[in-house]
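All values derive from a computational prediction rather than experimental measurement. These values consider heavy atoms only, across backbone and side chains, with no hydrogens, waters or symmetry-generated copies.
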Amino acid sequence: MTPKDRPLRDRLLDLDPLGAEQRRELQSTLAELFERRLSPRQRLGLLLPTAAGLLGAIALTALAVSEPPTTPWTTRLTLLVLALIGLFWFLACGRLLRRGSLHLVRDRNLLTSAALGFTTLQSLGFGALAARDPERLAGLLVSLLFSLLAAVAFLHQRGRASELRLREELLRARLRPAG
């Protein structure tokens with residue numbers, strides 16, 4: 001592994017004036033601060049989006065491919081976009097299950113960002129439908145509610161991540177040698 005392949009965080013730690021003992025303590029405390037092992041209940045809870053993502057991706061791709069030639073291209077595109085969303089959830093949740101832990105900043109940022117992006121995309125789709133057919137307004141309102149919930153989760157996670165980063169900096173300041 002070349003120095004450029006190492007994560008920026010590790011390269012910055014090399015520049016930190018901490019001794020070997022302090023660096024080990026910092027790494028250990030940071031691991032405790034940011035990384036959480038998944039409990040059996042959490043693992044079980046991740047099985048649903050993992051399985052649903054894979055099954056949804058397979059089923060929606062099969063539908064997009066097997067639709068009759070008269071099917072509008074927008075329908076095929078929608079099915080393929082939904083299949084990609086399912087594939088994302090399969091890969092993201094499967095990675096967490098395989099790893100057996102959750103990084104409280106990196107993984108949660110990814111999941112909440114994806115949820116907000118996907119619900120926003122859904123709202124745009126329902127908005128386009130409602131613009132053509134006012135009877136579809138209920139679908140738009142429901143999708144906007146889901147977007148609002150995803151935005152709240154996203155903002156909550158950003159606040160939590162900021163708190164964890166602040167705790168990391170306070171820990172670094174406490175371990176940094178005086179002088």
Side-chain angles (χ1 to χ4, degrees), residues 7-9 30-65 67 71-170:
L8 178 61
R9 177 186 207 92
L30 288 178
E32 289 174 20
L33 183 64
F34 287 106
E35 214 47 53
R36 294 285 185 270
R37 300 291 315 156
L38 294 174
S39 69
R41 184 177 180 173
Q42 289 170 318
R43 285 178 178 269
L44 188 61
L46 280 172
L47 283 176
L48 178 64
T50 304
L54 179 61
L55 293 174
I58 292 169
L60 291 165
T61 301
L63 271 174
V65 171
E67 285 294 306
T71 302
W73 68 269
T74 54
T75 301
R76 287 183 197 277
L77 180 64
T78 301
L79 290 170
L80 290 174
V81 167
L82 291 172
L84 286 174
I85 291 171
L87 182 63
F88 169 83
W89 287 114
F90 167 71
L91 293 173
C93 295
R95 183 174 139 251
L96 292 176
L97 284 170
R98 183 180 48 79
R99 199 171 71 214
S101 66
L102 175 74
H103 190 279
L104 296 180
V105 174
R106 189 177 45 245
D107 293 330
R108 285 185 173 173
N109 280 350
L110 174 69
L111 295 175
T112 57
S113 297
L116 181 58
F118 295 152
T119 57
T120 301
L121 184 63
Q122 176 188 19
S123 293
L124 290 171
F126 276 111
L129 290 174
R132 284 188 266 138
D133 182 5
E135 289 182 10
R136 300 192 185 238
L137 187 61
L140 174 61
L141 294 175
V142 170
S143 68
L144 287 172
L145 175 64
F146 280 110
S147 292
L148 177 65
L149 293 174
V152 168
F154 176 83
L155 292 173
H156 175 71
Q157 170 53 27
R158 294 300 180 192
R160 179 74 175 128
S162 294
E163 176 189 334
L164 288 170
R165 296 287 186 208
L166 178 62
R167 289 176 64 190
E168 176 185 10
E169 290 306 315
L170 290 172

Check the orientation of F34 and H103. Use parallel for under 30°, tilted for 30 to 60°, and perpendicular for over 60°. parallel
Do D133 and L129 make a side-chain contact, defined as non-hydrogen atoms from C-beta onward lying under 4.5 Å apart? no
With side-chain contact (heavy atoms from CB on, under 4.5 Å) as the test, pick out the partner of F154 among L149, N109, T112. T112
Gap between atom CG of L91 and atom CZ of R98 - 0.5 Å precision: 10.5 Å
With no hydrogens and no angle check, is any side-chain donor or acceptor of T119 less than 3.5 Å from a backbone partner on A150? no
Just by distance, with hydrogens left out, do R158 and S113 show a side-chain donor and acceptor under 3.5 Å apart? yes
So how far is it from L137 CG to L144 CG, rounded to the nearest 0.5 Å? 9.0 Å
Mark yes or no for whether R36, through its side chain, and E32, through its backbone, hold a donor-acceptor pair below 3.5 Å. yes
I'd like to check L84 versus F88 (side-chain heavy atoms, cut-off strictly below 4.5 Å). Are they in contact? no
Once you round to the nearest 0.5 Å, how far does CG of L54 lie from CH2 of W89? 15.5 Å
Nearest 0.5 Å please: distance from the CG atom of L79 over to the CG atom of L60. 6.0 Å
To the nearest 0.5 Å, atom CG of L96 lies from atom OG of S101 at 7.5 Å
For the pair Q42 (side chain) and S39 (backbone), establish whether a donor and an acceptor sit closer than 3.5 Å, ignoring hydrogens and angles. yes
On a heavy-atom basis, which atom in A83 and which in T61 lie closest, and how many Å separate them? CB-OG1, 3.3 Å
Is there side-chain contact between L164 and R160, with at least one heavy-atom pair below 4.5 Å? yes
Could you give me the CA-CA distance, side-chain angles and deciding distance for R106 and E35, then say whether side chain to side chain contact (heavy atoms under 4.5 Å, CB included) is met? CA-CA 10 Å; R106 189 177 45 245; E35 214 47 53; 4.2 Å; yes
Are any of the side-chain heavy atoms of R37 and L102 separated by less than 4.5 Å? no
Does E135 have more than 12 heavy atoms from other residues, nucleotides or ligands lying within 6.0 Å of its CD? no
Using a 3.5 Å distance criterion without hydrogens, assess whether the side chain of S147 forms a donor-acceptor pair with backbone atoms of S143. yes
Any donor-acceptor pair under 3.5 Å from R76 side chain to E67 backbone: yes
Side-chain heavy-atom pair R95, R99 within 4.5 angstrom cut-off: yes
Between Q157 (side chain) and L111 (backbone), is there a donor-acceptor pair under 3.5 Å? no
The reported gap from CZ in F118 to CG in L116 (rounded to nearest 0.5 angstrom) is 10.5 Å
